[in-house]
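Just so it is clear, the model here is predicted, and its values are computed rather than measured. Naming: A, B, ... by sequence-line order, numbering from 1 per chain.
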Amino acid sequence: MKLTRQFFNRKTTKVARALLGKFLVRKIGDKILSGLIVETEAYQGFADKASHAHKGKTERNAVMFGPSGFSYIYLIYGMYNCFNITTEKENYPAAVLIRAVQPVQGLELIKKFRGTNKLENLCSGPGKFCQAFNLDRDLSGLDLTKSKKLWLEDRGFLVKPSQIKKAKRVGVDYAGLYKDKLWRFYLKDNKFVSKK
DNA sequence: CTCTGGATTAGCT
DNA sequence: GCTAATCCAGAGC
């Protein structure tokens with residue numbers, strides 16, 4: 001079943017945890033790509049120095065201030081894209097970054113987009129995942145509860161709380177007090193996460 | 001295996 | 001002008 005607004009309209013860390021084991025589905029023409037989410041990170045509020053919303057609302061980050069369940073995709077390091085899903089109520093800027101996915105459907109197309117065949121190297125990082133699923137900034141601001149190109153599904157994959165590991169977020173050493181927050185979540189022993 | 005530097009550009013100061 | 005929610009190739013061990 002497709003994830004609805006109320007799934008995303010909760011505390012960001014809760015959504016980040018709940019997204020593990022859910023499926024991200026992408027439709028390109030008549031082809032379906034999908035993957036099991038295995039790694040996420042939470043970015044929330046005004047005080048979080050690692051968040052784009054920390055300095056207030058801008059043209060780029062405006063969607064983070066909107067309703068939950070929308071895509072926020074931005075260019076990082078001049079070369080890669082990062083895909084996020086907005087969370088929480090309107091005017092509270094927050095989102096969950098999808099860091100890694102276990103590819104399930106559409107392997108052929110995913111391999112083509114990535115230019116590699118090694119399974120564990122297809123979607124094991126936020127930039128890799130966007131490349132694999134052909135996500136770019138054109139798809140930012142989509143309502144993921146309504147879109148026909150991109151949405152999330154619960155397919156009954158069960159994740160026990162004991163299978164969820166917490167860690168510091170990656171690449172945010174500049175974020176002062178917030179750099180050590182344990183707002184990264186991933187599935188224990190899953191070989192598709194971005195780091196071991 | 002680990003470590004390091006370069007690629008490349010929008011967005012903010 | 002500076003630098004980032006990253007990735008990869010190449011060097012060294």
Separation of [N] [atom2] from [X] [atom1] (nearest whole Å):
X: A:Asn61; N: C:dA4; atom1: CG; atom2: C1'; answer: 15 Å
X: A:Tyr74; N: C:dT6; atom1: OH; atom2: C1'; answer: 9 Å
X: A:Asn81; N: B:dT8; atom1: CG; atom2: C1'; answer: 13 Å
X: A:His52; N: C:dT3; atom1: NE2; atom2: C1'; answer: 11 Å
X: A:Phe129; N: C:dC7; atom1: CZ; atom2: C1'; answer: 16 Å
X: A:Arg137; N: C:dA4; atom1: CZ; atom2: P; answer: 18 Å
X: A:Lys49; N: B:dC12; atom1: NZ; atom2: C1'; answer: 15 Å
X: A:Tyr80; N: B:dG6; atom1: OH; atom2: P; answer: 15 Å

Ring centres within less than 5.5 Å and planes less than 30° apart: is that true of A:Tyr77 and C:dT6 in this structure?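 So yes, this residue stacks on that base, both cut-offs being met.
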Any side-chain N or O of [X] below 4.0 angstrom from OP1/OP2 of [N]?
X: A:Lys55; N: B:dG11; result: no
X: A:Arg99; N: C:dT6; result: yes
X: A:Ser194; N: C:dT6; result: no

Which part of the nucleic acid, if any, lies within contact of [X], taking any heavy atom under 4.0 Å across all strands shown: a base, the sugar-phosphate backbone alone, or nothing?
X: A:Gly127; result: sugar-phosphate
X: A:Ile76; result: sugar-phosphate
X: A:Arg169; result: nothing

Which nucleotide sits closest to the side chain of [X]: [options]?
X: A:Arg114; options: B:dG11, C:dC8, C:dC7; result: C:dC8
X: A:Leu75; options: B:dG11, B:dT8, B:dA10; result: B:dA10
X: A:Val170; options: B:dT9, C:dT6, C:dC8; result: C:dT6
X: A:Thr58; options: B:dA10, C:dC8, B:dC12; result: B:dC12

Could you spell out the base pairing of DNA chain C as a dot-bracket line? Use Watson-Crick and G-U wobble contacts where both distances are under 3.5 Å, [ ] for crossing pairs, | for partners on a different strand. ||||.|||||||.
Which class fits the ring pair A:Phe46 and A:Tyr92: parallel under 30°, tilted 30 to 60°, perpendicular over 60°?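 Because their plane-to-plane angle is over 60°, the rings of A:Phe46 and A:Tyr92 count as perpendicular.
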